[in-house]
Structures are given as C-alpha cells and as structure tokens.
There are 2 protein chains.
Amino acid sequence: MTGPVAATRLDLAAYLPYRLSILSNTVSGAIAAIYETRHGLSVADWRLMAVLGMDPERSLTQKALCARTRMDKVQVSRAVKRLIDLGHIEREVDSADRRRAHLRLTGPGRAIYDDVAPATLEWERELLSRLTPAEAAILDTVIARLQEVTDEMAAGS
Amino acid sequence: MTGPVAATRLDLAAYLPYRLSILSNTVSGAIAAIYETRHGLSVADWRLMAVLGMDPERSLTQKALCARTRMDKVQVSRAVKRLIDLGHIEREVDSADRRRAHLRLTGPGRAIYDDVAPATLEWERELLSRLTPAEAAILDTVIARLQEVTDEMAAGS
DNA sequence: TTGTATTAGTTTCAAACGAAACTATTATGG
DNA sequence: CCATAATAGTTTCGTTTGAAACTAATACAA
C-alpha cells in the first residue's frame, strides 16, 4: 500500500461528519418517537410548536419560524398548514401587511407543548448526565464554534 | 410566570438534539455538495462508495454495507442499484449462498473515490483546525459516549 | 402616479423515501 | 426427507420532499 494512497483513505467510523450525522439521527429519532407516538407529530411539526411554545403570548410569522428553526420556507409552510388543520396553532393575518400572518399555539396546542417539552428536556438531561460538567461545557463550546465555522464556509461558497 | 412552567420551556437554540441536527445538516450539506457537484452522487451513494473504497480489494455484501453505514436495507438496495447502473460498483453473486452478492468498486468507481475522499478529508481537517487538540480529543470522546448511550436508550425501548 | 422589484407564502411536479409486503434462497428441526 | 423458519435483498404504493414556479401584497424609484 503506497503512502499517499493510504493517507487519503476515508474511515467512516472515524470521520466526524459521518459520526455527527449518525449521532444526530439516532438522537432525533429517539425524541421524535416521543411526540410522534403521543400526538402524531412530525419532526417539522414539533420544531415549530417548540418555537411557538417558548413564549406563547407572542406570535411569529412564517419567516420568523424559518429563521428560528433553520427550516426551508416550503417545509415551514407545509407544517404550518398541517398544524392549523390539526387545531394546534392558529393564524391571524397582519392587517398592516396582508402578505404575512401571525401564528400562535391554540389552547390544545399549548397542552401538547406542555406534555412534550418536559419529556424532551428530560431526555436531554438523561443524555447529558453521562458527561462530566467539563465535557458538557466543552461540547457546548465546540458545537457553537463548529456551527459558526461551517456557516462561514457555506457562506463563502 | 410560574416556576414549574418556566422550567419546562424548551429553548431550541440551547437544546442539544436540535443543535446537533442543525450542525450535522450544515456539515453534511456542505460535503454533499462536493460529490453531488463533481459526480452527481447522493449522500447514500457516496456513503456506500466510501465504505467500499476503504479496502478496494475486499468486497462487501449489502448486509455488511448496512452495518457499516447504519443505513436501512431498502436505502442500501436502492443506492446499490443506482451505483451499478452508473458503473461505479459491480456485483458478483456468492456461489456458496445465492441470496447475497459481493460488491466492490469498479475502476471508474475507484477513480471517483480517489477524487472525492481526499476532498472530504481536507474539508474535515479544515473544520477541525478551528479546535484545539484538547477540544478535538474531548469531542471525539463525547461523541463516542453519546452514541453508545443513545444506542443503549434506543435498545431499551 | 405608475411600472418594476421585492417580499411572504403557496402550489406544482418529479423524485426520493418509509413501511410493508414480497421473492428467492438457505437453515433448521422433527 | 420435508415442512417451516429465517435470511438477503427487491418491489409496491402512498407519502414526503426538494426545486422551481407561482400568487398576492408591498416597497421603491423614476
């Protein structure tokens, strides 16, 4: 095996992007099972409800939801429609600019939020309990840094 | 706002599963652009080629590819078919057990591997260069631990 | 004032995906 | 020896997704 060729061999098991993907998918899958099983919600559905539930008295536009969740506007549009049809959120057209609408959780939507949010937070706590405080702190820093760097690299393209 | 209610509010921006998902998607998206642009390959396609390229002299079955990539067998099946149609991999039925086939990169497939693998490794190196060696080492440990724990929690369900 | 650019969100359509069922082959136990 | 179970992989079909185009509304410049 020549040096140069061996040096460029990619070992998936050690490759950070792959490991991040697998870890993220496993984690998300486990949590998605919670709200899918209990309330028939998709990942996109819950993600919007999670943002709207942060401050239930405050409404958000779809554009704002896109920004907060980093989801594509089409995906947000579809999830919003589903959640309205399910009666979990409601829409109020902005009289100052009829292109947009204000969205907020309904009473039933809030009940679902109050059921799911603690469960997903508990799941996170359980997971993080396996790390030392120092590890958790560094993980937090590293994720923030990698996100910033990757966003920069993506923006530079 | 009452204590208990406020305590269970979920802040997506601080929520580890969400942050992992966003980071992973951003990273994977950037890398996927490399092989999609250069060779028209999907994430699934490249993932299989990456595994087969690790040791080109050795063949693997679809079951083995599922294990190495943690991909669903249907997804592997579809990607294998596509890669065979593209001429990037070839299949040889196992004479001892005709249910399975041995898969390996073709010459052209290997050329693609030799083009993409270094580029994706370089991308990873560039990303990791923004971490200190200590941070990178802890990240490695933490990802492994979290994967193990999440797999356990998933298996316990 | 008006034509054009931009914005916010929706719809269309082809491709991809997920769950379930299926086929071909081999393993196993009575 | 043979019926059944299990395995490896494929196909079906309905749903979801992604890219592009579209609609309605507002902003802006001449």
Side-chain angles (χ1 to χ4, degrees), chain A residues 21-22 24-26 28-30 32-33 35-37 40-48 51-52 59-86 89-104 154 157, chain B residues 21-22 24-26 28-30 32-33 35-37 40-48 51-52 59-86 89-104 154 157:
Chain A
S21 177
I22 297 301
S24 174
N25 288 344
T26 313
S28 294
Y35 45 78
E36 207 289 316
T37 297
L41 299 174
S42 71
V43 170
D45 296 342
W46 171 246
R47 204 169 270 186
L48 298 192
V51 171
L52 291 170
S59 64
L60 290 167
T61 62
Q62 285 183 205
K63 181 185 172 76
L65 287 173
C66 291
R68 301 289 189 85
T69 59
R70 294 185 62 143
M71 282 161 60
D72 175 62
K73 62 177 182 171
V74 178
Q75 198 177 12
V76 168
S77 177
R78 285 166 171 157
V80 161
K81 184 178 189 318
R82 228 173 10 252
L83 292 172
I84 290 178
D85 289 346
L86 289 168
I89 70 176
E90 62 193 358
R91 179 206 310 261
E92 183 180 317
V93 173
D94 183 342
S95 55
D97 186 341
R98 294 199 310 285
R99 286 176 295 181
R100 65 184 181 215
H102 297 287
L103 305 161
R104 65 183 71 199
S157 301
Chain B
S21 177
I22 297 302
S24 175
N25 287 344
T26 313
S28 294
Y35 45 79
E36 206 290 315
T37 297
L41 298 173
S42 71
V43 170
D45 297 341
W46 170 248
R47 205 168 269 184
L48 298 193
V51 171
L52 291 170
S59 63
L60 291 168
T61 61
Q62 286 183 204
K63 181 184 172 72
L65 287 175
C66 289
R68 299 290 189 86
T69 59
R70 293 184 65 140
M71 282 163 58
D72 176 61
K73 63 176 180 171
V74 178
Q75 198 177 10
V76 168
S77 178
R78 283 167 172 156
V80 161
K81 184 180 190 313
R82 231 176 4 253
L83 291 172
I84 290 178
D85 288 347
L86 288 168
I89 69 176
E90 61 193 358
R91 180 206 309 260
E92 183 180 317
V93 172
D94 184 341
S95 56
D97 186 340
R98 294 201 308 286
R99 285 176 295 181
R100 65 186 181 213
H102 297 288
L103 305 161
R104 65 183 72 198
S157 302

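All chains are named by letter (A, B, ...) in the order of the sequence lines, taking the proteins before the strands, and each is independently numbered beginning at 1. Since this is a predicted model, take the numbers as computed values, not measurements.
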With a 4.5 Å limit on heavy-atom distance, are the side chains of [X] and [Y] in contact?
X	Y	result
B:Thr26	A:Arg70	yes
A:Arg91	A:Gln62	yes
A:Leu83	A:Leu48	yes
B:Met71	B:Arg47	yes

Taking all heavy atoms of [X] and all of [Y], pick out the closest pair and write down the distance.
X	Y	answer
B:Ala33	B:Thr37	O-OG1, 2.7 Å
A:Leu52	A:Arg104	CD2-CA, 4.3 Å
B:Ser21	A:Ser24	CA-OG, 3.1 Å

Tell me which residues in residues 72-83 of chain A lie within less than 4.0 Å of DNA chain D, going by non-hydrogen atoms.
A:Val74, A:Arg78
For DNA chain D, which residues of residues 92-103 of chain B approach it to below 4.0 angstrom with any heavy atom?
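Of all residues in residues 92-103 of chain B, the ones placing a heavy atom under 4.0 Å from DNA chain D are B:Arg99, B:Arg100, B:Ala101.
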When we call it a touch if two heavy atoms are under 4.0 Å apart, what does A:Ser42 touch: a base, just sugar-phosphate, or nothing?
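Counting heavy atoms under 4.0 Å across all strands, no contact is made by A:Ser42.
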Please report, rounded to the nearest Å, how far the [atom2] atom of [N] is from the [atom1] atom of [X].
X	N	atom1	atom2	value
A:Arg91	D:dA24	CZ	P	15 Å
A:Leu65	C:dT10	CG	P	11 Å
B:Leu60	D:dG9	CG	C1'	16 Å
B:Arg47	C:dC17	CZ	P	12 Å

Is any side-chain N or O of B:Gln62 closer than 4.0 Å to OP1 or OP2 of D:dT10?
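So the side chain of B:Gln62 is within the cut-off, an N or O lying under 4.0 Å from OP1 or OP2 of D:dT10.
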Nearest 0.5 Å please: distance from the CG atom of A:Leu65 over to the CD1 atom of A:Ile89.
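Reported to 0.5 Å precision, the distance equals 7.5 Å.
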